[in-house]
> 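Following this message is one structure expressed as structure tokens.
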Number of protein chains: 2
Amino acid sequence: MLNQFHHTAEDMIRHNGGRATAGRIGILAILLAEQQAITHREIEQRLPQAQQLDRVTLYRALEWLVEKNLIHKVTSDDRAWRYHANRELHSHQHAHFKCTGCAQVICLDKLPVEANWPLPAGYRFQEIELTVKGLCANCC
Amino acid sequence: MLNQFHHTAEDMIRHNGGRATAGRIGILAILLAEQQAITHREIEQRLPQAQQLDRVTLYRALEWLVEKNLIHKVTSDDRAWRYHANRELHSHQHAHFKCTGCAQVICLDKLPVEANWPLPAGYRFQEIELTVKGLCANCC
DNA sequence: AAATAAATGCAACAATGTTGCGATTATTGT
DNA sequence: ACAATAATCGCAACATTGTTGCATTTATTT
Ligand SMILES: [Mn+2]
Ligand SMILES: [Mn+2]
Ligand SMILES: [Zn+2]
Ligand SMILES: [Zn+2]
């Protein structure tokens with residue numbers, strides 16, 4: 001139920017010292033209900049007509065949610081960030097899958113790569129960004 | 001010597017059935033001379049004042065070089081493609097490093113990940129895109 | 001209910017890349 | 001060397017995604 005997610009969303013926002021505005025709650029509820037990582041545009045489309053937000057407000061709300069570590073965003077090759085709620089599985093580093101057919105992005109559970117990557121001398125490792133590309137079950 | 005690269009570039013272009021225009025040759029020579037993967041903008045800046053190209057022409061030349069497999073392009077989190085000449089090392093799949101300080105991108109030699117990634121049932125693997133982020137020797 | 005800081009909406013801007021189309025040019029054949 | 005031709009180029013216009021400044025509104029606290 002989306003109402004359930006609304007409640008959870010509001011809690012999460014308050015626990016992080018932010019104002020529980022309709023916009024933030026709605027956005028986070030959408031991301032909590034979503035299996036995949038979705039774009040700014042897709043979030044906009046899922047918002048009920050009654051409470052459409054300004055583009056900029058949506059961007060800023062997402063920025064805030066990322067800062068507070070409630071969601072994470074994923075780089076893609078189509079120049080559009082995709083956002084996804086942080087669940088237990090995804091609190092740490094993980095890889096992503098992107099379908100080259102329908103452009104959907106899902107989070108993969110693990111990041112089966114050694115964190116100690118062989119870098120040139122003097123370089124310092126910070127993090128790995130890994131996207132597996134292929135076809136999803138629908139597009140196969 | 002950049003002239004040497006010009007000669008090589010012209011050869012590579014002709015061998016692929018394309019017209020050896022000053023623009024294409026200049027671009028490919030720049031990419032051959034460059035260690036790192038560089039952006040459209042950076043290529044533009046390296047072109048001699050005498051033969052500045054239209055932005056669109058530059059984009060289309062790069063597109064053609066990628067099609068012909070003479071160069072490859074790299075996705076980044078700043079929404080700008082970066083281009084690099086295909087050498088032996090990079091003809092196959094490989095990972096990239098991006099410095100979070102100065103934004104430089106270099107190609108890493110290997111891709112120490114199994115090509116057979118554990119995907120959900122019904123999904124088909126195509127390729128891996130992997131970027132290691134960190135600080136380069138200068139920015140450390 | 002008033003005070004206050006946080007969040008919002010609007011307009012303007014920036015960066016990167018794409019498309020259509022007429023003009024130019026590299027290449028080929030004579 | 002010259003003409004024919006298709007490939008390439010340059011320009012203008014557009015698209016998408018995201019950012020910044022600032023005045024207005026609103027959630028929260030007192
Ligand atoms: Mn994820
Ligand atoms: Mn590379
Ligand atoms: Zn798909
Ligand atoms: Zn650096």
Side-chain angles (χ1 to χ4, degrees), chain A residues 6-7 9-29 37-45 47-68 70-83 98 103 105, chain B residues 6 9-28 37-45 47-68 70-83 98 103 105:
Chain A
H6 270 78
H7 188 78
E10 182 168 349
D11 273 3
M12 293 170 73
I13 292 167
R14 288 194 193 281
H15 282 159
N16 277 275
R19 287 193 184 172
T21 66
R24 275 187 188 163
I25 296 174
I27 293 169
L28 184 50
I38 57 179
T39 62
H40 174 277
R41 176 62 61 100
E42 290 167 323
I43 295 169
E44 204 170 33
Q45 290 166 343
L47 280 171
Q49 200 65 26
Q51 50 159 295
Q52 289 291 318
L53 295 174
D54 187 77
R55 291 171 3 93
V56 178
T57 303
L58 181 42
Y59 276 118
R60 292 203 263 232
L62 289 169
E63 191 182 15
W64 186 86
L65 291 168
V66 169
E67 265 173 23
K68 296 308 182 183
L70 300 179
I71 66 176
H72 64 281
K73 59 177 178 177
V74 186
T75 302
S76 179
D77 53 9
D78 61 5
R79 308 159 31 85
W81 295 108
R82 282 174 175 74
Y83 300 86
K98 179 172 184 189
V105 172
Chain B
H6 270 78
E10 181 169 350
D11 273 2
M12 294 170 72
I13 291 167
R14 288 195 194 281
H15 283 160
N16 278 275
R19 287 192 183 172
T21 65
R24 275 186 188 165
I25 297 174
I27 293 169
L28 184 50
I38 58 180
T39 62
H40 175 276
R41 176 61 60 101
E42 290 168 323
I43 296 170
E44 204 170 33
Q45 291 166 344
L47 280 172
Q49 199 65 26
Q51 48 158 300
Q52 290 291 318
L53 294 174
D54 186 78
R55 289 170 4 93
V56 177
T57 303
L58 181 42
Y59 276 118
R60 292 204 261 232
L62 289 169
E63 191 183 15
W64 186 87
L65 291 168
V66 169
E67 264 172 23
K68 296 307 181 182
L70 300 180
I71 67 176
H72 64 280
K73 59 178 177 176
V74 186
T75 302
S76 179
D77 52 9
D78 60 6
R79 311 161 28 85
W81 294 108
R82 282 176 174 74
Y83 301 86
K98 178 170 185 192
V105 172

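In the text below, chain A, chain B and the rest are named by the order of the sequence lines, each starting its count at 1.
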> On DNA chain C, check which nucleotide each of B:R41 and A:R19 is closest to and give me the residue with the more 5' one.
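It is A:R19, whose closest nucleotide lies nearer the 5' terminus.
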
> Rounded to whole Å, how long is the line connecting atom CG of A:D78 with atom P of D:dT17?
8 Å

> Roughly, in whole Å, what's the span from CG in A:D77 to P in C:dG17?
12 Å

> Using a cut-off of strictly less than 4.0 Å, decide whether B:T21 has a side-chain nitrogen or oxygen near OP1 or OP2 of D:dT8.
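No.
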
> Spell out, as yes or no, whether a donor-acceptor pair under 3.5 Å connects the side chain of B:D54 to the backbone of B:V56.
yes

> Quick one: are B:I38 and B:Y83 in side-chain contact, heavy atoms under 4.5 Å?
no

> Does A:R60 come within less than 4.0 Å of A:E63, counting only side-chain N to carboxylate O?
no

> Using a 4.0 Å heavy-atom cut-off, does A:R60 contact any base of the nucleic acid, only the sugar-phosphate backbone, or nothing at all?
base

> Please examine the side chains of A:I43 and A:L62, heavy atoms only from C-beta on, and report whether any two atoms are closer than 4.5 Å.
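Touching, per the 4.5 Å side-chain cut-off.
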
> C:dC13 C1' sits how many Å from A:Y59 OH, rounded?
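Rounded to whole Å, this separation is 14 Å.
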
> Whole-Å distance between C:dT8 P and A:L47 CG?
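For the pair A:L47 CG and C:dT8 P, the rounded distance is 12 Å.
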
> Verify the contact: side-chain N or O of B:W81 to OP1 or OP2 of C:dT16, cut-off strictly under 4.0 Å; return yes or no.
no

> Contact class for A:A20 vs. all strands (heavy atom < 4.0 Å): base, sugar-phosphate, or nothing?
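Sugar-phosphate contact only - A:A20 comes under 4.0 Å of backbone atoms but never of a base.
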
> Could you check whether the side chain of A:R24 and the base of C:dA7 have a donor-acceptor pair of N or O atoms closer than 3.5 Å, going by distance alone?
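Counting by modelled atom types and ignoring angles, no donor-acceptor contact under 3.5 Å is found here.
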
> Can any side-chain N or O of B:Q52 pair as donor or acceptor with the backbone N or O of B:L47 at less than 3.5 Å?
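Judged by distance alone, yes, a pair lies under 3.5 Å.
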
> Pick base, sugar-phosphate or nothing for A:R55, based on heavy-atom distances below 4.0 Å to the nucleic acid.
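It contacts base atoms.
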
> Any donor-acceptor pair, under 3.5 Å, between the side chain of B:R79 and the base of C:dT16, if you only look at N and O atoms?
no

> Could you tell me how far apart B:R82 (CZ) and C:dG17 (P) are, to the nearest whole angstrom?
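Going from CZ in B:R82 over to P in C:dG17 covers 10 Å.
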
> Map A:V56 and B:A80 onto DNA chain C by nearest heavy atom, then report which one ends up closer to the 5' terminus.
A:V56

> Please report the distance, rounded to the nearest Å, between CG in A:L53 and P in D:dT24.
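The distance from CG of A:L53 to P of D:dT24 comes to 21 Å, rounded to the nearest Å.
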
> Let me know the distance between CZ of A:R14 and P of C:dA6, rounded to the nearest Å.
16 Å

> Whole Å only: how far is the CG atom of B:D54 from the C1' atom of D:dA7?
16 Å

